[in-house]
Structure formats: C-alpha cells, structure tokens
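Residues take their numbers from the sequence shown, with the count starting at 1. Just so you know, these numbers use all the heavy atoms, side chains as well, and skip hydrogens, waters and symmetry mates. What you see is a predicted model; the values in this text were computed from it and never measured.
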Amino acid sequence: MERLVRSYMVTPNDASEESTSIISSIVQSMHSGQVSLLVFVKFLEESLTSEDPSIRAKGTGLLSAVLKECPQEQVNVAAANVLVDFYCERLSDVASIPELIRGLSLFEVTFCYFPITFKPPPDDPYRITADDLKIALRECLSATPLFAKNVMPLLLEKLTSTSGNARRDSIETLTACAPVYGVDAIFPFIDELWEYLRDEILNAPDNAIELIALEAIRSIVVTLSVGVIGRSDRLEQFLKTIVSECMENLKTPELKLSKPSGKILKYCAMASDPSFNLIVLTTMHGLLDQYRNCDLTTRKKGILEVLMEYIDAARHLYGSIEDPQDDQVPYKDDLLGIFGPALLEVNEYSELRLCGLRGLYDMILLNDFLSDNEIGIILQYFNKIVLNDSDQDIVKKTISSLENAARYKTKIVLEVTLPTLVSQLPSNVEELNLFNIHGAKYINALKALSEVPIEPVLFEALVPEVLLKLDGPDSRQSQKNLTLLFSSSVCYIRPEVSYPVPDISEFLSKVMTTSLLSTNEEQQHSLAQLAASIMNKWSQERELETFVRNNILGELTSQLSSESHRNVTLYHYLWLTKALVLRTHPLGHDCTNQIMNLFEDSILGRKASEGFGVIIGNSDILSKQSFSIIK
C-alpha cells in the first residue's frame, strides 16, 4: 500500500492511465480485505500534512478518488468520523479545495448514517439531539438531484424496514427529496412508492405517521405537477391509480378505510391546480350520485366527510378569506345542494346534520367561492336552525358558526341575521304572551345575539334595537329582563372596541341610575355587572377615578339613603371594586378598604363582609373569555 501511494504521488498527471491504475489497485486491495480505509489514510498522512501545498492537494485528490470507488462497508462509523473531521478542517486549505469538493460529493459516506439512531449522553455539553442530526442529514440528502440515483433505491429499502423509526425517517426524507430530485428521478419508482405509502396510511398506528405519509404523497404529486399547464401523462397515470383504489374503498364510506382514502384524495388534490382538477373531475360525479341514491345515513355522512376534505383542499390550495388566491373551485351548486338539505333535515341523524353545517361554513370561508347572495341563503339556514331547532348541540354549533362568519362576512350578517334575531324579541304585551309560550325560540335568539355581534359595526347596529325594546324603568317585568341581553352584548366586546356613545361617563351614569332606581332585581344585577365590565376595560385613568369618587363613594357612605337604596348601591360597589381589583388599579385598594369600613355598619355590615365572595369569586362577565383586563 505504501508503494502504491508513493507511486501515485510522483505521477505527473492525475488523469493518466498510470494514476487510474494505481487507484484501481488500492480499491481492489480494500475489496479483498487486505487493507482498510483507515489504514490507507495513515499511509497518506505524510502527503496530507506536507508543507508543500501542491503535495497536500495531490494527496487529498488521491483520498477523494479512492473514497469515491471504495466499498461502502469500508465507510464505518470510525472511518466516517475521521473523514468528516479531516474534510471540515481542510476546507481552510485553499490549494486542496478542488480535491476536497470531489470527496465531499462525502455519498456513501453520507448515507451510511441513515437512519439516525443517535442517543445523546445525559451530560452532553453540546446538547445535540437526534432530531438535530436527522434534520441535518435530511438536508444533505436533499441538497442536490445528483444524489437521486443513490438515494432512491436505498430509501425504498428502508421503507420496508420493520423499524417504525426507520420507516418514518425514510418517508420524511422522501418528502424533502422529491421536489429536488424531480419527476425523472421519482417516476421510475412511483408504483412501489404508492404501495408503501398507501399501506402506511391505511394501517397507520397513529395520526402522526398517517400525516407524514400523506405529506409524502402530496410532495410526490407536487413533483409530478411541476411544469404542467394542461395534461401530464405521468401525473394522470399516478392519480388514476390512486383514484381507482380510493374510490373502491369509498363504495362503503361508513367503513374504516373510507376516511384515510378521503384524506389521500385530499392531499393529492391540494398539491397543485392540475391535480385538484384531475381529482375532482374524476371523482365528484360518482360521489354525488352515490350520495343522492343512498338511504343509509351513516353512508351519507361518510360521503359528506370526503366532500369536506375537498373543500379543505381548496382552502389550502386556492386560499381562504384570510389568505386569498385567485382560482375557483368547481361543483359549487352541487355542493350547496347536498350540504344545505343535510343540515336542515330535522329528523336526520345528528352527525350527518353536523357534517352539513361544517360543509356550509367551510364554503363560506373559501375565498370568492360563494356570492354574497349565496352566503345570505346559508345564513338564512343558520337562522332557521337557531330559532326553530330542538337539537341544542346543533343550535350551539350553529351559533358558533354564525359568530365566526360575522368576522369575515360582517355586512351580510348585518343584513340577514341580525334583523331576524332582533325581530324575535318581544316589544309589546301581545308579543310578551307569545314569549311565554315560545320561550325556547327567544332564548336561542338571545344567546345568538350575545355572541354574534363581535364586530363594532354589528354592535353599533344592535344597541339601538335593544334600547328600543327596553324603552319606557313603566315596562313590564319580562321586558326589563331584556337588560340581560343588553349586558351580555356589551360585556363581551373587546377593550379596543369603541362604545357607540359620545361620553362613557355619561353612559355609565345612566346605567347606574337606571339600576339604582329599578325595582327589578334581574335588571339591577345585570346593569351592575355591565357597569363593572365597562369600568374594567376603561382606558382613561383620570376619568375613571373621577367617576368612582363622584358617583359611588358618597352614595355608599350616606346615612340619609334608604336601606334598600344602600343595599343596591353596595351591590354595585362590590362589582366595581372587583373590576378594579382584577386590573390591579390603585383605586381597587381604596375601594376594598371602604368595604371593610362598613363591617360595623348596622345595615350593611353583614352584606359587606359576604360581598367579598363577589370580589374574589369567578365570573363569566369579568373573565378572559369576555376579554376583561385581568392581571
């Protein structure tokens, strides 16, 4: 070996027949087991450490040439460590860099570590994790399409491993490599890849491995779609195989293979515009016919779930209201014609109805998919469910859908939903009698009105309507109880939302006066909590302090007020104190002391001490859910 090394170092031309013959002899010695890679490196040591840059470069060139041809089993862990250290250190040697690059192109040496099984020692000072190494190696393997011919056969081998971690690493590496390697490198292995990934998805032990395999299929479809404008024989061929197998499973959509098959179609569809159109156009007609001709509710639910996967694929590919893109989704009328009746069929299986609700809501969120008129029709469906449906779970989820739709389609909710809900509230004696008969309908309207007007424009439109219903502290008791609605609407707005009133102090005084003069306990309590919510979110510190000192303290300590008036005032004071304490306002401390000073009061003492339950207790009105300031 020493003779071969010295002979190479004196050859005038690295590309000569003599140099090539020497390299072949060295590699043959390794194949026969006469010498190892590390022994060969030791014989090269004198050349690699020479002070003459030309000798160092020639020695590095010999190492790279032999490394390229040497048997893979020679590149064990020990050899790889030595080579990595050498090549990294030698990158600072300008004369050797061209020869180093030949060696770093470092493939069997790189892949021998795959898959990573590293377990860091407990006291590892570098804190390197197995994931750090896995990601770094994955980035190496996906760095160039030149690795494709080496990586693909080895990845296929690892995909059949009995080790779950090895298969998982292989799938994630395939996902990263496919777009880099390109369609010519991937397509020869396409059938085997589909079989492996399909089996992983259909038999996935958990959602994590299923998602990883789905992302790999998506990556492959993205790769096959590159440069496709119209048709692509290779893309069509791959998707035809997938569609055929998945649609066979979807003939019985209520069985366990249906859901993963639907997800496979979804991830293929969301990969590219050509793949979306191919998937939808080849499957939608069959799914729609299957739904229309089916009487089994569980089967209909399974079909709707697949259609919802398509809607979700469109949202990812073409954008949502929050992240708009430009393209359109086909089969709009068919989807509306299926999801709408599924929701509205009151005698139907509830899970099927919930699928109808979710599908309609998802379509609202698709960018430029539905016209305003079509969204208005869907909102009318939602209104009907809220006011007339007996299934409270569906009512609750419908109100939630209305609330979220109001964030993005505020104008349509303002025109279609808000007037319908407000019209259900009683405003005269005749309507009050109906209220007592059809209470559930009104209660659902109140619930919806307390949650839907989350946008300022909706709130501004709601307040005058509610005040009109409350107009007249001569109103019947049932009408006065509508202050519960008013309080709920105001208490759940965010601190940054401006109240549609010219002066907060004046508005708050009016709320307080109405409550203190009221003889209706429900009205007193709801308005006290409303005042507390406003005070908790009040950002003008000086006006806040002035209001509390001028409007509350005097009433609380006055001995001239009646007992009932002082009791109502105390109740207000407790809630206002709570509002200040939660936001750690200095006035909260003063108010707390003021309440403690009342402990010896013959009228208010007992209620003042019991009132600390209000201050420290939980409350829906003053909570994070109602956007209160809580420190």
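Remark: K259 NZ is loosely packed, at most 12 non-hydrogen atoms of other residues, nucleotides or ligands lying under 6.0 Å away. For N203, the CG atom sits in a packed shell: over 12 heavy atoms of surrounding residues, nucleotides or ligands are nearer than 6.0 Å.
P253 places none of its side-chain heavy atoms less than 4.5 Å from the side chain of E305. Put simply, the side chain of F369 reaches to within 4.5 Å of the side chain of L335, judged on heavy atoms. For the pair L587 and T577, the minimum side-chain heavy-atom distance is 4.5 Å or more. K300 has its side chain out of reach of Y349: every pair of non-hydrogen atoms, C-beta onward, lies at least 4.5 Å apart. Contact annotation: the side chain of L354 approaches that of D393 to within less than 4.5 Å [non-hydrogen atoms, C-beta and beyond]. For the pair Y381/V386, no side-chain contact is recorded, criterion being any heavy-atom separation below 4.5 Å from C-beta on. Counting heavy atoms from C-beta on, the side chains of L508 and W538 come closer than 4.5 Å. Between W575 and S619 there is a side-chain heavy-atom pair separated by less than 4.5 Å.
Partners of T252 according to the side-chain contact (heavy atoms from CB on, under 4.5 Å) rule, which considers only residues two or more places apart in sequence or in another chain, are E254, L255, R299.
The nearest pair of heavy atoms linking L317 to A269 is CD2-O, 3.7 Å. The shortest non-hydrogen separation linking A608 to L598 is CB-CB, 3.9 Å. The two atoms that bring P419 and V413 nearest to each other are CD-O, 4.5 Å, heavy atoms only. Scanning both residues, L250 and S258, for their nearest heavy atoms gives CD2-OG, 3.4 Å. Minimum heavy-atom separation, M535 to R583: O-NH1, 3.1 Å. Considering every non-hydrogen atom in both E210 and A204, the closest pair reads CB-CB, 3.7 Å.
For S401 and T398, the side-chain atoms include no donor-acceptor pair closer than 3.5 Å. Checked by atom type, the side-chain pair E374/S371 shows a donor-acceptor distance below 3.5 Å. Residues H585 and E541 have side chains that bring a donor and an acceptor to within less than 3.5 angstrom of each other. N383 and T417 share a side-chain donor-acceptor pair at under 3.5 Å.
The distance from the CG atom of L379 to the CG atom of D372 is 10.0 Å, given to the nearest 0.5 Å. Here the straight-line distance linking atom CD1 of I303 with atom OG1 of T298 works out to 10.0 Å at 0.5 Å rounding. Here CD of Q380 is found 10.5 Å from CD1 of I378. Values are rounded to the nearest 0.5 Å. Annotation: the span from L570 atom CG to Q594 atom CD amounts to 10.5 Å, rounded to 0.5 Å. Distance CG/L352 to CG/L357: 11.5 Å, rounded to 0.5 Å. The structure places CG of D362 at 8.0 Å from CZ of F339, a figure rounded to the nearest 0.5 Å.
For an aromatic pair to be called close, the ring centres must be under 6.0 Å apart, and Y318 with F276 satisfies this.
Among residues at least two apart or in separate chains, side chain to side chain donor-acceptor pair (under 3.5 Å) pairs with a member in residues 603-618 are R606-E610.
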Run D312 and R315 through salt bridge (Lys or Arg N to Asp or Glu O under 4.0 Å) and show every step you take.
CA-CA 5 Å; D312 198 38; R315 182 172 61 84; 2.5 Å; yes
Evaluation steps, side chain to side chain donor-acceptor pair (under 3.5 Å), between S272 and S275:
CA-CA 5 Å; S272 68; S275 67; 3.0 Å; yes
What's the verdict on side chain to side chain contact (heavy atoms under 4.5 Å, CB included) for M596 and N593, showing C-alpha distance, side-chain angles and the deciding distance?
CA-CA 5 Å; M596 293 173 67; N593 286 337; 4.3 Å; yes
Set out, in order, the CA-CA distance, both residues' side-chain angles and the distance that settles salt bridge (Lys or Arg N to Asp or Glu O under 4.0 Å) for E345 and R353, then state yes or no.
CA-CA 7 Å; E345 184 52 66; R353 299 186 65 203; over 6 Å; no
Could you walk me through whether D391 and S350 pass the side chain to side chain contact (heavy atoms under 4.5 Å, CB included) check?
CA-CA 8 Å; D391 189 326; S350 63; 3.8 Å; yes
Let me see the working for F547 and S509 under side chain to side chain contact (heavy atoms under 4.5 Å, CB included), right down to the final yes or no.
CA-CA 9 Å; F547 179 84; S509 295; 3.3 Å; yes
Would you check, one step at a time, whether the test side chain to side chain contact (heavy atoms under 4.5 Å, CB included) holds for I375 with Y408?
CA-CA 11 Å; I375 293 174; Y408 308 109; over 6 Å; no
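Between K263 and E309, no side-chain nitrogen of the basic residue sits less than 4.0 Å from a carboxylate oxygen of the acidic one, so the salt-bridge criterion is not met. With respect to the salt-bridge test (charged N to carboxylate O, under 4.0 angstrom), the residues D503 and K510 do not qualify. Using a cutoff of 4.0 Å between basic side-chain nitrogens and carboxylate oxygens, E415 and K411 are scored as salt-bridged. For D389 and K384, the salt-bridge test fails: no basic side-chain N is under 4.0 Å from an acidic carboxylate O.
Counting only distance, with no hydrogens or angles, the side chain of S533 and the backbone of L530 share no donor-acceptor pair below 3.5 Å. For the pair N293 (side chain) and D289 (backbone), a donor-acceptor distance under 3.5 Å is present. Without hydrogens or angle criteria, K578 side chain to G617 main chain gives a donor-acceptor distance under 3.5 Å. With hydrogens and angles disregarded, a donor-acceptor distance shorter than 3.5 Å links the side chain of N536 to the backbone of I629. Side-chain atoms of T283 come within 3.5 Å of backbone atoms of I279 as a donor-acceptor pair (strictly under, hydrogens ignored). Distance alone, capped at 3.5 Å, is enough to place a donor-acceptor pair between the D206 side chain and the I209 backbone. No donor-acceptor distance shorter than 3.5 angstrom exists from the side chain of K624 to the backbone of I630, with no hydrogens or angles considered. A donor-acceptor contact shorter than 3.5 Å links the side chain of K537 to the backbone of C491.
Note on ring orientation: taking the six-membered ring where Trp is involved, the planes of Y571 and H525 are parallel (angle under 30°, cut-offs 30° and 60°).
With F382 as the fixed residue, the side-chain contact (heavy atoms from CB on, under 4.5 Å) test singles out one of V395, I399, I364: I364.
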